[in-house]
Amino acid sequence: MKDQKTTPNIAEATNDPHSFADPAAAIIHHLDLKLEVNFELKQLKGNARIHFRNRAKSDKIILDTRNLKIEGVRLDDESKVSPFHLESEVEFLGQALIIPIHPETKSVSIQYSTTDGADALQWLSPEQTAGKQFPFLFTQSQAILARTWVPVQDSPGIRFTYEAEVKVPSGLMAVMSAENPTEKNTEGLYRFSMKQPIPAYLLALAVGDFVYEPLDRRTGVYAEPVTIEKATYEFSDLPKMLEIAESLYGPYAWDKYDVIVLPPSFPFGGMENPRITFATPTILAGDRSLTSLIAHELAHSWSGNLVTNATWNDFWINEGFTVYFEARIMEALYGKDFADMQFLLGVEELKKTIEGFGDRSIDSHLKLQLDGRDPDEGMNEVAYEKGRLLLVLMEQTFGREKFDQFLKNHFSQNAFKTINTEQFIEYYRSELVKGDSAAEKAIDIERWVYGPGIPENAPQIRSERFEQVALEVDRWIKGNKASTLNTKNYSTNEWLRFIHLLPEKLRPEQMLELDNTFQFSNSSNSEILFAWLEKAVVNAYEPAYPVLKSFLNEVGRRKFVRPLFKAMIKTAEGRKMAEEIYKTSRPNYHSVTQSSIDEILYQN
Ligand code: BES
Ligand code: ZN
């Protein structure tokens, strides 16, 4: 193995278009955070001490901030305040915080508080939680929102360890992406330590009334008391998932792996905060059918958290690898049939997304061009599903055994490092292709990475069970009663396929027949309900409107909320309903979801 010791977190740390930091000059290696959580003011207040290496004898260190109130800066242990300067605001990126330093300065201390513009934070009233008794706070730092609650070098290429002390109102517990408490303490003072170096987008904090239930020695679940039982049931395969993951791609590097179930406004399905995945409660289906999301976040412990995309233009290095890895876990756990159905659902989404972009669009390249844009724009099926397709093509071309060994080496040799697309291509050529020019040509990686659409050599997958679903849908279209269809023992994936295969336009009596027969509007499975509600909106199926309204008022998961609003605004009637619903639902959404819906409703 090559010498990795001398430059642990630098080589790739430059050229991030979404950070003001100049890591070649002065680069953070440790963060000491002291915060007080104030639910009345909806404010975090405290101190961030940045320990750094001055690699170029620089006379300043540059940090990323956005909408922070900087109260004072001190160098090292000095008691007197030191000058600082906030540069002017840049769209999406915020403001560079420039702190003059001396050649011998080792750390800077920043006294600060957050403001209403802290987009990472969502402050929830008791009514917005499951238990309805206590307030709740959670953060979402990816992609570039860490800087709205901590002044830090907010680039995926810059890693640091951290320690934190967080004061919360008594009666509440706090967890971070770090070593965590498993019980409340009466003072409400919690200490955290993250000993493995992580990039800023993996900084995370949640505060609320939750309890911990271990699943085994290494894994467990945090959830509100009223949810904990359901959650532990749902996630009971976690220990097995972790073992499978390790047997595939090497030892788990983060000691513990827990999941915290957040309130329904959490804007994503899951977020791979190290040691503690943040998850939406909408995966609690009661039958463990939506847990591939947990496999996905767990897989990020290797792809993403251990080997990290250098910039958000290389997002597929995080997500494409993770979708591939997730599918391997699910295949080992539930079989190839299951994994193939998920795969097909993913490809279906990818095709829709690319169609929406137009198939020449640069946004359908794996290597993204997000400079000057919000990196959030890269968060779509391209990185996830086109990325996965490329890796499956490699697997098929070189054989699973060889490919697994390659990936395993990739995770161990690049552990705690950053890698960009070009470095991966180089690594792929030297460690997998190894001069096999026929294979190199058959894959044509450049076409995948720097070209649009889905290349012609994409792997083709088939699912016997989905083919059966298609036959049943056909029978119904040809006039057979819904009640005569053979849908016995359909899994969630088959129901999703069933709904997706229905004709775009359906008559009211057809919607009614399907609903009465299959009870879609009453589904307790969020994915099925969502797929059905989309149909309901497109076909103005009024009996589902009450459910639609309460769903949108409660759930802030963008993957569900955005398509429903998009569908509603296609007609004048629908737009009226959308605006009506949004009046009451907007305050329940996290800023990430709010921005997306604001754009749909008011910027077109
Ligand atoms: N890391 C992502 C979430 C993310 C990406 C947040 C970019 C902010 C910016 C997470 O791992 C993820 O991909 N979540 C998916 C679920 C997954 C099963 C595809 C989600 O939330 O929908
Ligand atoms: Zn992911």
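All ligand and atom numbering here is 1-based and tracks the order in the structure.
- To the nearest 0.5 angstrom, L552 atom CG is 5.0 Å from F565 atom CZ.
- Not a single donor-acceptor pair under 3.5 Å links the side chain of E395 to the backbone N or O of F403.
- Atoms of ligand 1 lying under 4.0 Å from at least one heavy atom of M379, given by number and element, are 3 (C), 4 (C), 5 (C), 7 (C).
- Near F268, the atoms of ligand 1 lying under 4.0 angstrom from a non-hydrogen atom of the residue are 6 (C), 8 (C), 21 (O).
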Apply side chain to side chain donor-acceptor pair (under 3.5 Å) to the pair D404 and Y249, showing each step before the final yes or no. CA-CA 7 Å; D404 277 351; Y249 301 125; 2.9 Å; yes
Could you check E272 against H296 for side chain to side chain donor-acceptor pair (under 3.5 Å), going step by step and ending with a plain yes or no? CA-CA 8 Å; E272 67 272 26; H296 177 97; 5.9 Å; no
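- No side-chain N or O of R275 forms a donor-acceptor pair with one of S177 less than 3.5 Å apart.
- The single protein non-hydrogen atom nearest to atom 2 (C) of ligand 1 is E319 OE2, 3.3 Å, given as residue, atom name and distance.
- Among G270, S141, A143, the residue whose heavy atom lies nearest to atom 10 (C) of ligand 1 is G270.
- Under the 6.0 Å cut-off for aromatic ring centres, F416 and W254 qualify, their centroids lying closer than that.
- Between M271 and ligand 1, a contact under 3.5 Å exists for no N or O pair.
- Close to ligand 1: Q140, with a non-hydrogen atom less than 4.0 angstrom away.
- Rounded to 10 degrees, the NE2-metal-NE2 angle spanning H300 and H296 at the Zn ion (ligand 2) equals 100°.
- Here's the thing with E272: one of its N/O atoms is less than 3.5 angstrom from an N/O atom of ligand 1.
- Partner of Y201 under the side-chain hydrogen bond (donor to acceptor under 3.5 Å, both in side chains) criterion, out of T308, N318, N309: N318 alone.
- With distances taken over non-hydrogen atoms, the option nearest atom 9 (C) of ligand 1 out of Q142, E381, E297 is Q142.
- Side-chain polar atoms of N525 and S289 form a donor-acceptor pair below 3.5 angstrom.
- Tested against F266, the residues F560, F138, Y589 include a single ring-ring contact (aromatic ring centres under 6.0 Å, His included) partner, F138.
- Between the Zn ion (ligand 2) and E319 there is an N/O/S contact shorter than 2.8 Å.
- Atom 21 (O) of ligand 1 has its closest protein heavy atom at G269 N, 2.5 Å.
- Of all atoms in ligand 1, listed by their number and element, those nearer than 4.0 Å to a heavy atom of F315 are 5 (C), 7 (C).
- A distance-only check finds no donor-acceptor pair linking the side chain of E331 to the backbone of K336 [under 3.5 Å].
- Residue H300 has at least one nitrogen or oxygen atom sitting less than 3.5 Å from a nitrogen or oxygen atom of ligand 1, judged on distance alone.
- From the protein, the heavy atom lying nearest to atom 13 (O) of ligand 1 is Y384 OH, 2.6 Å.
- Residue contact annotation: Y201 has no non-hydrogen atom under 4.0 Å from ligand 1.
- Only the side chain of H296 comes within 4.0 Å of ligand 1, counting heavy atoms alone; its backbone N, CA, C and O stay farther away.
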